[in-house]
Amino acid sequence: MPYEPKQIEPKWQQRWAEEKVAEVDVTKPGEKFYMLNMFPYPSGDLHVGHGRNYILGDAYYRYLRMSGRAALNPMGWDAFGLPAENAAIKRGIHPRDWTVSNIAREKKQFEAWGILYDWSKELASCDPEYYRWNQWLFLQLFERGLAYRGKAPVNWCPGCRTVLANEQVVDGRCERCSSEVIQRDLEQWFFKITDYADRLDAGLDALVNWPEKVRLMQRNWIGRSVGADVRFDVPKLGRSITVFTTRPDTIYGATFMVLAPEHSDVPALIADHPQRDGVLAFIEKVRNQSNLERQADTAGKEGRFTGAFAINPFTNEEIPIWLGNFVLPQYGTGAIMSVPAHDQRDFEFARQYDLPIRVVVRPRETQLDAAAMTEAFTDKESSVSVASGAITGLGITEAIEKISDDIEARGIGRKMTRYRLRDWLISRQRYWGTPIPIIYCEKCGTVPVPSVDLPVRLPLDVPFTGREGNPLAKHEGFVNVDCPRCGGKARRETDTMDTFVDSSWYYARFISARDSTQIFDSELVNRWLPVDQYIGGVEHAILHLLYSRFICRVLYDMKLVGFEEPFARLFNQGMITKEGYRDPAENMSWVPLTEVETRDGVPYRKGTEARLIPEVGKMSKSRYNVVPPDELIERFGADTERVYTLFIAPPEKEAAWSDEDVIGIYRFLNRVWRLGEQIGALTEDAADPAAAKMIRKAHQTIAGVSVRIEKFEFNTSISLMMELSNAIGEYLGQGGRSRSDARSAYLPLLKLLHPFAPHITEEIWEQLVGDDLLVRSSWPSADRELMKEDVLTIVVQVNGKLRGQIEVDPAADEPTILSEAKGQAKVVPHLEGKTIVKSIYVPGKLVNLVVR
RNA sequence: GCGAAAGUGGCGGAAUUGGUAGACGCGCUGGACUUAGGAUCCAGUGGUUAACCCCGUGGGGGUUCGAGUCCCCCCUUUCGCACCA
């Protein structure tokens with residue numbers, strides 16, 4: 001019988017679903033393993049690039065199960081968001097209907113891939129039973145002072161009279177109507193994540209099972225810097241201006257001060273400036289710059305002298321106060337002391353406006369060198385303060401310590417730690433999201449919705465035009481309410497929450513997804529969490545993971561959970577790219593191999609004259625390079641897609657999809673299938689010495705795959721299994737007939753292969769063993785004795801040149817030479833243990849043996 | 001500019017602690033079986049060569065009996081941050 005994936009795959013998918021093999025009773029005590037793929041946004045069709053994430057998660061899940069671990073693998077839907085609303089505007093479908101049908105399609109796709117989830121715990125963030133707890137969580141943060149209202153700029157389209165998300169702004173214009181987008185300040189809701197900046201930063205140290213890259217990105221995002229706030233007296237104002245610096249030890253070199261043009265003291269400073277209008281024009285220019293251009297051209301530093309002076313508290317000199325476009329209003333105090341000798345930006349600014357430069361740090365050893373003077377000496381080991389009063393001669397670390405103490409002792413400032421991280425703006429002027437449970441009363445002000453009134457339901461009967469703001473705001477029944485406190489007239493908050501709020505705690509909800517009495521069951525959550533293995537793309541390296549870590553700490557402070565880190569171990573899979581062809585005239589998605597012709601090395605689509613220009617990139621409809629899984633599954637089966645996806649490259653790396661390479665995996669699975677048929681037909685049962693090599697390979701493969709799968713080294717695991725199938729094929733091809741020997745190599749292969757190709761292995765297993773592989777069998781273990789080589793072949797090299805080979809019996813305590821190399825070689829064990837390296841003496845000199 | 005990762009055949013990619021570089025797969029070449037094959041099987045496939053030798057892991061130095069792997073300098077690519085004081 002030929003291998004026909006179309007016959008066997010639905011059969012097994014159905015059986016797994018009927019028997020609910022992935023369902024886990026979380027109340028059952030004992031060992032646990034919680035693995036989780038980041039839940040998807042249901043945008044519609046999934047392509048093979050999306051598949052990588054779920055396939056590798058499923059492979060790992062099946063491996064865990066077979067090795068006897070109680071693994072929980074739930075799935076849900078990050079179902080609120082902008083695309084649903086866009087679909088409503090463009091195609092007249094209600095966001096809910098669009099979302100629900102996408103969920104159904106994607107669920108079907110998961111099934112077709114053979115992916116096992118515990119669907120009894122399925123959740124969707126757009127479900128009122130889910131978002132009521134989202135609202136409850138908001139109220140908890142509000143009560144704790146962690147949710148507050150403040151002004152923040154939004155992208156405003158004057159044409160559509162609505163707020164735009166950043167991705168809807170293209171080159172400063174509205175994506176839809178091309179009006180120029182302006183910044184407008186709105187009252188919005190924030191979560192005070194900055195209160196947790198220090199803990200979020202410190203917690204990164206413990207996340208040793210996260211990719212180093214992600215930890216670093218988070219660290220940079222939080223941007224912790226330790227330094228000091230220092231007050232500089234400004235005689236003209238009759239008070240002081242505070243600056244933040246990480247290098248208070250360089251204060252003797254602070255020869256001027258620079259303020260952000262937005263700084264609140266600026267109007268007073270320039271009140272009597274002779275060219276006041278010019279300065280105001282400059283301020284206006286920088287303010288407008290801050291939107292787009294400030295990012296585009298970081299080249300030019302520009303500034304204006306305010307005409308005012310500050311007193312350097314350590315030199316007692318008057319230093320000029322400038323305005324500068326490079327000083328950011330949001331960071332620190334919006335004011336800096338400039339030390340041009342030791343800061344690149346200050347240096348450039350000083351050069352441009354001819355301001356004094358004074359060296360106050362220099363290398364301990366070197367003579368003062370004019371060229372080196374302008375360098376920032378930051379090497380804590382070798383640099384020393386000079387011309388700096390009491391700290392002269394101290395190394396940087398000691399100097400910072402001493403001067404900071406002096407600053408505090410003199411009462412002119414204090415040690416300070418600041419962060420780049422800003423508070424989390426959670427307000428969205430959008431319909432398709434969790435309504436913020438707040439009511440504004442004319443008498444009582446801002447009133448939280450009592451938790452008994454939750455959920456605040458999102459009304460479904462709203463029109464979608466894409467204009468005139470948030471549709472929710474025009475829904476009278478939603479907006480007009482009675483104040484829960486005084487019963488008087490009030491109106492509802494119409495902003496909805498950022499969907500990152502939904503995803504910041506969903507991992508805990510899975511444990512008691514049907515509980516309508518509480519956000520989650522703390523006792524069970526404390527048993528199952530943190531998530532033991534979290535899997536998802538790097539695009540969530542910062543926001544989703546940082547917000548989840550933040551909310552987890554809030555839940556910890558509320559004593560709802562007993563841990564501060566939600567994800568113990570994190571894996572980021574790489575993206576799948578493919579050659580695509582930019583050809584807007586053609587409306588094609590994936591061009592199957594059979595329909596492509598090559599003329600002069602340029603691919604053409606059959607039957608057209610259009611020239612197709614290859615370009616490798618992310619799969620997208622606009623690039624016409626999307627590989628839909630159904631065509632692939634139709635032709636080769638889901639197992640082929642699964643194995644290919646895992647074989648293509650190390651899973652953390654970006655990988656280029658190749659239609660041609662898929663065939664190799666299909667051949668491999670066909671070969672495995674045929675081997676099963678051949679082995680099923682064998683009748684001799686006696687052990688066969690000729691099988692030794694195959695048996696050895698089998699045990700080496702078991703050992704190898706077991707180690708690699710734990711490290712997510714799926715591509716090399718598959719290579720090993722291919723080698724084993726080749727060895728079995730070789731044994732049979734050379735006349736091997738021992739049924740028991742062949743089975744003892746082949747059955748472990750099926751087990752090892754099951755996480756990767758579950759359908760075919762189940763089918764063969766059923767035919768050969770008459771049992772269910774996933775449910776009834778266990779992960780194989782290797783026999784060390786059977787892995788040993790009979791004879792080691794030793795290659796003799798002298799000075800890197802091949803000099804011959806000898807064979808050695810490794811079973812002997814002292815390796816015995818079985819056949820001699822060229823010349824008289826003598827084996828001398830050189831390195832102990834399992835090492836394969838030995839040295840030998842060739843007459844006259846010591847050489848090395850390399851053992852294979 | 002700063003930070004991080006990576007450069008290995010025609011291609012995707014392998015190489016415990018430094019130990020025969022190129023596993024495995026694609027593609028390609030030759031052969032077998034076939035009406036035929038893009039099915040299957042066998043053999044080959046880094047460069048050079050009839051073969052041996054020799055040369056080969058981005059470039060240049062170094063350490064070592066021995067370097068893809070360790071050290072120094074340079075080049076390139078990708079990703080992240082982008083004036084964070």
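Within 6.0 Å of NZ in A/K693 there are 12 or fewer heavy atoms belonging to other residues, nucleotides or ligands. Within 6.0 Å of the CZ atom in A/R219, the count of heavy atoms belonging to other residues, nucleotides or ligands exceeds 12.
Remark: the A/D423 side chain and the A/T194 side chain contain an N/O donor-acceptor pair separated by less than 3.5 Å. If you check the side chains of A/T716 and A/R708, you find a donor sitting under 3.5 Å from an acceptor.
Closest to the side chain of A/F244, from the set B/C26, B/G25, B/A85, is B/A85. Side-chain proximity of A/K301 to the nucleotides B/G27, B/C83, B/C24 is greatest for B/C83. Of all nucleotides listed (B/A15, B/A85, B/G27), B/A15 comes nearest to the side chain of A/R708. Closest to the side chain of A/R671, from the set B/C26, B/A85, B/C41, is B/C41. Side-chain proximity of A/T246 to the nucleotides B/A15, B/C26, B/A85 is greatest for B/A85. Counting only heavy atoms from C-beta on, A/I663 has its side chain closest to B/G27 among B/G27, B/C83, B/G13. Of the listed nucleotides (B/C83, B/A85, B/A15), B/A15 has the atom at the smallest distance from the side chain of A/T716. Residue A/N325 places its side chain closer to B/C83 than to any other of B/C83, B/C41, B/G12. Considering only the side chain of A/F647, B/C24 comes nearest among B/C26, B/C24, B/A82.
Within the 4.0 Å cut-off from OP1 or OP2 of B/G27, at least one side-chain nitrogen or oxygen of A/R667 is found. Contact check, A/N715 against B/A14: a side-chain N or O comes under 4.0 Å of OP1 or OP2. Taking only side-chain nitrogens and oxygens, A/S338 never comes nearer than 4.0 Å to OP1 or OP2 of B/A85.
Nucleotides B/G47 and B/G3 place their P atoms 41 Å apart, quoted to the nearest Å. Spacing between B/U63 and B/C53 at atom P, rounded to whole Å, works out to 28 Å. The gap from the P atom of B/G22 to that of B/G46 amounts to 9 Å, rounded to the nearest Å. Using C1' as the reference atom, B/A15 and B/C24 are 12 Å apart when rounded to the nearest Å. To the nearest whole angstrom, the two P atoms, one in B/A82 and one in B/U17, are 37 Å apart. Taking the P atoms as reference points, B/U78 lies 15 Å from B/G12, given to the whole Å. Rounded to a whole angstrom, the distance from the P atom of B/C54 to that of B/A43 is 29 Å. As rounded to the nearest Å, B/A14 and B/U20 have C1' atoms that lie 15 Å from one another.
Distance A/N726 CG to B/C26 C1': 14 Å, rounded to the nearest Å. Straight-line distance from the CZ atom of A/F714 to the P atom of B/A14: 14 Å, rounded to whole Å. For A/D661 and B/C26, the CG to C1' distance is 4 Å, given to the nearest whole Å. Rounded to whole Å, atom P of B/A14 lies 12 Å from atom CD1 of A/I648. The CG-P distance, from A/L259 to B/C83, rounds to 18 Å in whole Å. Here B/C41 presents its P atom at 12 Å from CG of A/L732, a figure rounded to the nearest Å. Nucleotide B/G25 holds its P atom 16 Å from the CZ atom of A/F756, rounded to whole Å. Distance CD (A/E660) to C1' (B/C11): 9 Å, rounded to an integer number of Å.
Counting non-hydrogen atoms under 4.0 angstrom, A/S658 reaches nothing in the nucleic acid. Across all strands, A/D346 comes closer than 4.0 Å to no nucleic acid atom at all (heavy-atom distances). Residue contacts for A/N670: at a heavy-atom cut-off of 4.0 Å it reaches no nucleic acid atom on any strand shown. Residue A/R224 is out of contact with every strand shown, counting any heavy-atom pair closer than 4.0 Å. Heavy atoms of A/P650 sit under 4.0 angstrom from primed sugar atoms or phosphate atoms, though from no base atom. Counting non-hydrogen atoms under 4.0 angstrom, A/R418 reaches nothing in the nucleic acid.
Annotation: cation-pi pair A/K301/A/F349 absent, no NZ/CZ under 6.0 Å from the ring centroid and within 45° of its normal. Both tests hold for A/R420 against A/W221: distance to the six-membered ring centre under 6.0 Å, angle to the ring axis within 45°. Figure legend: A/R224 and A/Y419 shown without cation-pi pairing, the cationic atom not lying both under 6.0 angstrom from the six-membered ring centre and within 45 degrees of its axis.
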**Asked** What dot-bracket string describes RNA chain B from 5' to 3', counting Watson-Crick and G-U wobble pairs whose defining distances are under 3.5 Å, with [ ] for crossing pairs and | for pairs to another strand?
**Response** (((((((..(((......[....)))((((((.......))))))((......))..(((((..]....))))))))))))....
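Taking 3.5 Å as the limit, the base of B/C79 and the side chain of A/K213 contain no donor-acceptor pair of atoms between them.
With A/T250 contributing its side chain and A/V339 its backbone, the two residues share no donor-acceptor pair below 3.5 Å. Looking only at distances, a side-chain donor or acceptor of A/Q218 sits under 3.5 Å from a matching main-chain atom of A/A541. The closest donor-acceptor contact from the side chain of A/R642 to the backbone of A/F756 lies under 3.5 Å. In this structure, A/N312 contributes its side chain and A/A254 its backbone to a donor-acceptor pair below 3.5 Å.
The residue among A/E723 and A/V662 whose nearest nucleotide of RNA chain B lies closer to the 5′ end is A/E723. Mapping A/A655 and A/I542 onto RNA chain B by nearest heavy atom places A/A655 closer to the 5' end of the strand.
B/G59: glycosidic angle beyond 90° from 0, hence anti.
Here A/R215 does not pair with A/D205 in a salt bridge; the nearest charged N to carboxylate O distance is not below 4.0 Å.
For residues 663-678 of chain A, no pair satisfies salt bridge (Lys or Arg N to Asp or Glu O under 4.0 Å), with sequence neighbours left out.
Within a heavy-atom distance below 4.0 Å of RNA chain B, the residues of residues 215-223 of chain A found are A/L216, A/M217.
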